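For reference, the structure is listed below as structure tokens.
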Amino acid sequence: MTAAGDLGRAVEATLFAAQEPMSAEAISTHLGGADVRAALAELAEHYRDRGVHLVERGKRWHFQTAPDLAHLLRREREEARRLSRAATEVLAIVAYH
């Protein structure tokens, strides 16, 4: 594998392991000062037609779900909420009458 390919793999691994989006400078610092801009552009192109995309927002890079697949990951959850004591008393009065 080429040195450029190894750098691309290192950038990819760094972004996957990151807890939050990273700037190109932060990635470069993490990888010992390598110029990562070409690797980021190559990775963004590689992920363009995949289920996740590598995107840059506010000069920070991160992976995100492809927009056409986002609906698959949304989960609607119903949250059971308890009535307040006052609401319970009102319901009791209404039920009594």
Side-chain angles (χ1 to χ4, degrees):
M1 184 166 284
T2 66
D6 288 342
L7 178 59
R9 291 180 64 225
V11 169
E12 181 179 35
T14 300
L15 285 169
F16 267 116
Q19 293 181 356
E20 57 188 29
M22 296 180 73
S23 66
E25 293 76 22
I27 297 167
S28 176
T29 300
H30 184 75
L31 298 176
D35 184 10
V36 298
R37 294 188 192 284
L40 285 166
E42 184 178 314
L43 283 170
E45 179 62 27
H46 173 75
Y47 281 100
R48 185 173 53 92
D49 295 324
R50 303 188 62 90
V52 292
H53 293 169
L54 177 60
V55 295
E56 179 184 22
R57 290 224 168 68
K59 296 191 178 189
R60 295 185 181 274
W61 291 85
H62 70 277
F63 285 101
Q64 72 178 24
T65 304
D68 62 323
L69 298 175
H71 71 280
L72 298 173
L73 301 176
R74 270 191 208 104
R75 296 190 188 238
E76 307 273 331
R77 59 182 166 149
E78 209 170 290
E79 195 174 303
R81 293 179 13 194
R82 297 183 52 89
L83 294 175
S84 68
R85 183 178 174 130
T88 304
E89 290 175 7
V90 168
L91 284 175
I93 293 169
V94 169
Y96 178 76
H97 288 286

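These numbers come from a predicted model, not from an experiment.
Other residues sharing a hydrophobic cluster with L83 under the 4.5 Å side-chain heavy-atom criterion for ILVMFWY residues are L91. Taking a 4.5 Å side-chain heavy-atom cut-off between Ile, Leu, Val, Met, Phe, Trp and Tyr, the cluster of L69 extends to L72.
Under the salt bridge (Lys or Arg N to Asp or Glu O under 4.0 Å) criterion, E56 pairs with no residue at all, not counting sequence neighbours. Among residues two or more places apart in sequence or in another chain, the salt bridge (Lys or Arg N to Asp or Glu O under 4.0 Å) test is passed with R85 by E89. For F63, the ring pair (Phe, Tyr, Trp, His ring centres under 6.0 Å) partners at least two apart in sequence or on another chain are F16, Y47. R57 is linked by a side chain to side chain donor-acceptor pair (under 3.5 Å) to Q64, counting only residues two or more places apart in sequence or in another chain. With sequence neighbours excluded, the residues forming a side chain to side chain contact (heavy atoms under 4.5 Å, CB included) with A26 are M22, S23, listed by chain and number. V90 pairs by the side chain to side chain contact (heavy atoms under 4.5 Å, CB included) definition with V94, not counting sequence neighbours. For H46, the side chain to side chain contact (heavy atoms under 4.5 Å, CB included) partners at least two apart in sequence or on another chain are R50.
Within the structure, ring-ring contact (aromatic ring centres under 6.0 Å, His included) contacts touching residues 78-97 (residues at least two apart or in different chains) do not occur. Under the side-chain hydrogen bond (donor to acceptor under 3.5 Å, both in side chains) criterion, the residue pairs touching residues 35-45 are E25-R37, E45-R48, with sequence neighbours excluded.
Nearest heavy-atom pair, A39 versus G8, reported as atom, atom and distance to 0.1 Å: CB-CA, 4.0 Å. Minimum interatomic distance between A34 and S28 (heavy atoms only, all atoms of both residues): O-OG, 2.6 Å. W61 and A24 get closest at one heavy-atom pair: CD1-N, 4.1 Å. Residues L43 and E12 come closest through the heavy atom pair CD1-N, 3.8 Å.
Remark: H62 NE2 is packed, more than 12 non-hydrogen atoms of other residues, nucleotides or ligands lying under 6.0 Å away.
Transitive grouping of hydrophobic side chains (ILVMFWY, heavy atoms separated by less than 4.5 Å) brings V52 and L15 into a common cluster.
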**OP:** Decide yes or no on side chain to side chain contact (heavy atoms under 4.5 Å, CB included) for L40 and I27, but give the supporting numbers first.
**Re:** CA-CA 10 Å; L40 285 166; I27 297 167; 4.1 Å; yes

